[in-house]
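Both ligands and their constituent atoms are indexed starting at 1 by order of listing. Below, all heavy atoms of this structure are taken into account, side chains as well, without hydrogens, waters or symmetry copies.
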Amino acid sequence: MRFLVTGGAGFIGSAVCRHLVGVEAGQVLNVDKLTYSSDLRSLTSIENHPNYQFIQADICDREAIVSILKKWQPTIILHLAAETHVDRSITGAAPFVETNIRGTFTLLETCRDYFEGLSPALKAAFRFVHVSTDEVFGSLGPTGAFNESSPYQPNSPYSASKAAADHLVRAWFHTYGLPTLTTNCSNNYGPYQFPEKLIPLMTIQAMRRQKLPVYGTGLNVRDWLHVEDHARALLAVARNGRVGETYAIGGQSERNNLQVVEAICDQLDKRDPGPQPRRHLIQFVADRPGHDARYAIDSSKITRDLSWHALHNFESGLSNTIDWYFGSQTWWEPHLRSVQAIASQPVLEPSESGTTP
Ligand code: NAD
Ligand code: DAU
């Protein structure tokens, strides 16, 4: 199997590449533009592996993608490249429209030409897996869960751009017969996540005894899934999913944001006790505009049809993730200057804060 992974230098894409090369013995070409949220150091464990290659390219660059497809001759496209941070989409939606919509369109068009030129046997094996999000379905009330039949109701520029991409992917299957599959996954967590997202941001802030900015009431709920479980799910969909279908993927680990931040504080207090418990660092700040109240995923289709289920439980997964950030300052420190919430705050000296990193 020859895989082409877009966005493989990002958080989930790098976990997918590590899984494909390390566990599945697949041949992988990682195509990534290397935007602010990427980090090739997340791929150090496989960078010299004979089955792994990297090329820097923008999915909006038609010529580059045509040439990559011609040379690499992939069997499976795993499309993860995207602008992914909701807060950034609120302050500037243009790159989201560009990469998530125009980039996906460019990839679909170039893959359609490439697919048309394949032999019947290679055509039968070819798959285009589009990696999307549960945010396209909007916000849930206190009960219920999203599934493959949930109506599209995106509320942020990010989720609207992902919804547009999902619709393009669907149309390229129905109109042109491109063998596409789409996944809609809930919030991921784990090592190598860019420190603007809730869990790494709060972990690093709490380690350094900095303020922990919780939006609104802190009662918004997310359904957390370990990134390695997501990588395994994507492989299951690529290998055994039904062409033209969508798969909802979730962790059955609903927590409100305050619960998550308090758990991070408590775990760090056990590792590195200080003068005061870290919960006192929590600050309720202005809410995110259009903040979705609750996400939850009913994963019964992928469990039933593809025998996938999450292997990590949230408590131990979170604890291991905190350990990873605790020991990986050299990975996350260079990223902090592009994270607004951190860049705007003075860092206390270790003697003032009584803490390690
Ligand atoms: P990320 O921001 O960590 O990584 C995105 C990667 O895409 C980066 O390496 C970046 O350089 C690359 N990229 C951006 N624009 C590009 C372009 N024009 N051409 C080529 N590469 C480009 O994101 P992530 O959290 O790893 O998310 C990966 C995918 O999974 C996204 O499509 C996202 O919508 C989806 N998703 C994420 C989550 C989550 O919780 N993080 C949940 C569900 C779905
Ligand atoms: O649901 C899947 C989506 O999860 C993905 O499609 C997105 O790419 C990914 O970024 C993520 O979106 P969220 O907006 O849910 O993730 P984020 O980490 O930004 O925020 C999680 C929750 O925490 C959300 O309710 C907002 C809140 N939050 C976030 C930050 C950064 C805070 O309260 N304070 C913060 O500083």
Nearest to atom 41 (N) of ligand 1, what protein heavy atom do you find, and at what distance?
Ile12 CD1, 3.6 Å
I'd like to check whether Asn187 has a polar contact with ligand 2, where a contact means an N/O of the residue lying under 3.5 Å from an N/O of the ligand.
yes
How far is atom 3 (O) of ligand 1 from the closest protein heavy atom, and which atom is that?
Phe11 N, 3.0 Å
Mark the output for Lys162 as yes if a heavy-atom distance to ligand 2 is under 4.0 Å, and as no if none is.
no
Identify the closest protein heavy atom to atom 1 (P) of ligand 1: which residue and atom is it, and at what distance?
Ser37 OG, 3.6 Å
Modelled atom types, side-chain donor and acceptor of Asn30 and Tyr52, under 3.5 Å:
yes
among protein heavy atoms, the one nearest atom 15 (N) of ligand 1 is Thr99 CG2, 3.5 Å
Which segment of Tyr36 sits under 4.0 Å of ligand 1 when only heavy atoms are counted:
neither
In terms of residue, atom name and distance, what is the protein heavy atom nearest to atom 43 (C) of ligand 1?
Cys185 O, 3.3 Å
N or O pair under 3.5 Å between Asn220 and ligand 2:
no
Among all the protein's non-hydrogen atoms, which is closest to atom 18 (N) of ligand 1, and how far away is it?
Asp58 OD1, 2.9 Å
Please determine if Asp87 has a nitrogen or oxygen closer than 3.5 Å to a nitrogen or oxygen of ligand 2.
no
Report yes if Leu201 has an N/O atom closer than 3.5 Å to an N/O atom of ligand 2; otherwise report no.
no
Compute the shortest N/O to N/O distance between His79 and ligand 1 and return yes if it is under 3.5 Å, no if not.
no
Give the contacting part of Leu34 toward ligand 1: side chain, backbone, both or neither, where contact means a heavy-atom distance below 4.0 Å.
backbone
Rounded to the nearest 0.5 Å, the CZ atom of Arg209 sits from the CE atom of Met207 at a distance of 12.0 Å
Less than 3.5 Å between some nitrogen or oxygen of Ser186 and one of ligand 2, yes or no?
no
Proximity flag Ser132 to ligand 1, non-hydrogen atoms under 4.0 Å:
yes
What is the nearest protein non-hydrogen atom to atom 4 (O) of ligand 1, stated with its residue, atom name and distance?
Gly10 CA, 3.3 Å
Part of Lys197 within contact of ligand 2 (heavy atoms, under 4.0 Å)
both
Any chance the rings of Tyr192 and Phe11 have centres within less than 6.0 Å?
no
Specify side chain, backbone, both or neither for Asp134, according to which of its non-hydrogen atoms lie closer than 4.0 Å to ligand 2.
side chain
